[in-house]
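Below you'll find the structure, written out as C-alpha cells, and then a few comments.
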Amino acid sequence: SKCTFPPDVPPTPTLTPSTLKVEEGTSVSLKCSAPAPCLSHPPALIWSSSLGHIQESLQEDLDRTKVQTSVLTFTASHLHHRLEISCTAVYNIQDGSPKSSVSTSLTADISYPPKNTTVSVRPSGPVPENSRVTLTCSSTANPAVRSYTWYRADGDQEVVMGTGKVLDITASDVSATFSCKAENDVGAGRSNTRKIEVQYSPKHTTVSVSPSGPVPEDTDVTLTCSSTANPAVKNYTWYRADGGLETLIGTGHVLNIKASKVIGPFFCQAENVLGAGRSNISEIDVQCMYQ
C-alpha cells in the first residue's frame, strides 16, 4: 500500500528537550523523533553536528504509531555556546519517488566560567619611568564577567593592585609582574602574568673597594662601580673630589689603582641614554708605612 502524509507533507521532527540551557561539563541527551508510517521506509534522521554518540531506534507511541528516534549524547562545552543544533528527517516514501526532508533546531545556551583571559598593555613597548600605563583585562564568559581584579606579584605573595576591566597605573623602576582575574556567576579565569618594561636613568649607583679594609700605601686596589639602569649603563666615569673641583681619574666599570694619600675622596658616575647617576663619595683608608 502507498504510504502518504496528508497533505503529502512530512511532519516536522520533534526535539526533546526543545531548548538547551546548561552549564559547561553537563552531560546532554537530545532526542529527535519523527513518525515512521512506512516501516519499509523509515525516515533517516541526520544531526547537523557530530557532537558525540548517536543511538537510533524505532519505537511505538501510545497510539501504536511507529516513531523513528535518534538520541545525541555529548558533554556540553563552551565551544557549543550559541551553536545551532538541528535534526533533519529525510523521507523516501516509495522507491524511485523524490525524497522530502524537514528540519527542526535549537540554539545551545551553555554557561561557562571566564576563559581566554588576557591582559593588554598600552603603550605596549618600553615606557619611561613615571609615565601612565593602561592595563585592560579581556575574557570570554557566559554569563558576562561581573568583576575584574588585578594582582601584582610581590615575592611569593600577591598584592591586589585594583579592580575593574581597565586599570591605569604609573610605571615605576620596580618592574612588577602582574595578572588579572575575571569572575562571573559560574567561576573565575586568570590571565598569564605580564611585565611592563620601564626605562630609567641609572639609580642606586654605588662604589665597592677591594680590599675593603685599611691598606698599605702603593697597594693595588680595585674599585667597582655598580648601578641599576634600563637601558644598560654605557659609560662609567671616575672622579676625584677636590673641594669644589672634580678631576677625572679613569673610566670603566672597574678601575685598578695604587693606594695613595694623593687620591683623596672620589666617586663614580654611571650614564645611559636617559641620564646619569652618581655614587656617594668614598675614600680609601691608606696606611702610611714609616721606616
Side-chain angles (χ1 to χ4, degrees), residues 5 9-93 99-119 137-151 158 163 165 179-193:
F5 296 101
V9 176
T12 303
T14 303
L15 275 180
T16 311
S18 58
T19 59
L20 180 60
K21 187 177 174 68
V22 295
E23 194 171 311
E24 182 177 46
T26 305
S27 180
V28 174
S29 289
L30 289 178
K31 183 169 80 170
C32 180
S33 308
C38 296
L39 293 182
S40 58
H41 297 85
L45 299 180
I46 302 168
W47 293 95
S48 59
S49 302
S50 302
L51 300 176
H53 178 69
I54 294 173
Q55 180 75 45
E56 292 194 345
S57 62
L58 191 61
Q59 297 177 345
E60 193 173 275
D61 259 359
L62 294 175
D63 60 1
R64 307 200 67 180
T65 57
K66 302 295 184 185
V67 176
Q68 182 76 10
T69 67
S70 179
V71 178
L72 172 63
T73 305
F74 62 96
T75 301
S77 159
H78 68 283
L79 300 173
H80 303 147
H81 183 54
R82 293 185 178 147
L83 178 69
E84 185 179 24
I85 304 171
S86 68
C87 175
T88 302
V90 181
Y91 287 91
N92 186 8
I93 303 303
K99 294 181 180 180
S100 58
S101 63
V102 63
S103 301
T104 189
S105 66
L106 58 77
T107 301
D109 184 350
I110 313 296
S111 57
Y112 56 93
K115 295 181 184 289
N116 308 318
T117 305
T118 57
V119 171
C137 189
S138 302
S139 194
T140 58
N142 184 40
V145 173
R146 57 179 167 81
S147 71
Y148 296 92
T149 310
W150 293 89
Y151 298 91
E158 278 192 326
T163 58
K165 182 176 174 66
S179 62
C180 75
K181 179 173 74 173
E183 286 182 274
N184 70 356
D185 295 335
V186 181
R190 286 290 291 259
S191 71
N192 290 331
T193 56

List the atom pairs, with distances to 0.1 Å, where a side-chain N or O of residues 69-80 and a protein N or O form a donor-acceptor pair under 3.5 Å, not counting sequence neighbours.
| residue | atom | partner | partner atom | Å |
| --- | --- | --- | --- | --- |
| T69 | OG1 | S57 | O | 3.2 |
| T69 | OG1 | S57 | OG | 2.8 |
| S70 | OG | W47 | NE1 | 2.9 |
| T73 | OG1 | S29 | OG | 3.4 |
| S77 | OG | L79 | N | 3.0 |
| H78 | ND1 | E24 | OE2 | 2.7 |
| H80 | ND1 | S77 | N | 3.0 |

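- Closest approach of P11 and V102 over heavy atoms only: O-CG1, 3.1 Å.
- When all heavy atoms of Y91 and P35 are compared, the closest pair comes out as OH-O, 2.8 Å.
- A distance of 6.5 Å separates OG in S48 from CG in L83, rounded to the nearest 0.5 Å.
- Closest approach of S179 and E158 over heavy atoms only: OG-OE2, 4.3 Å.
- Atom OG1 of T163 is separated from atom NZ of K181 by 12.0 Å, given to the nearest 0.5 angstrom.
- Remark: of the listed residues S33, P43, P42, S33 is the sole one forming a side chain to side chain contact (heavy atoms under 4.5 Å, CB included) with V67.
- Listed for the T117 side chain is no donor-acceptor partner under 3.5 Å among the backbone atoms of S139.
- Between the OG1 atom in T107 and the NE2 atom in H81 there is a gap of 10.0 Å [rounded to 0.5 Å].
- Here the CG atom belonging to L30 is positioned 11.0 Å from the OG atom belonging to S86, to the nearest 0.5 angstrom.
- Considering CH2 of W150 and OG of S191, their distance stands at 7.0 Å, rounded to 0.5 Å.
- In this structure, C32 SG and I85 CD1 are separated by 12.0 Å, a value rounded to the nearest 0.5 Å.
- Applying the salt bridge (Lys or Arg N to Asp or Glu O under 4.0 Å) rule to pairs touching residues 105-114 yields K21-D109, sequence neighbours excluded.
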- Message: side-chain contact (heavy atoms from CB on, under 4.5 Å) for T140 and Y112? Distances and angles first, verdict last.
- Response: CA-CA 9 Å; T140 58; Y112 56 93; 4.2 Å; yes
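- Of all non-hydrogen atoms in L106 and P17, the two that sit nearest each other are CD2-O, 3.6 Å.
- Between L58 and Q68, the closest heavy-atom pair is CD1-OE1, 3.2 Å.
- Counting only distance, with no hydrogens or angles, the side chain of K66 and the backbone of P37 share no donor-acceptor pair below 3.5 Å.
- Closest approach of S103 and T12 over heavy atoms only: O-CG2, 3.7 Å.
- Annotation: side chain of S138 is in contact with side chain of K165 (closest heavy-atom distance under 4.5 Å).
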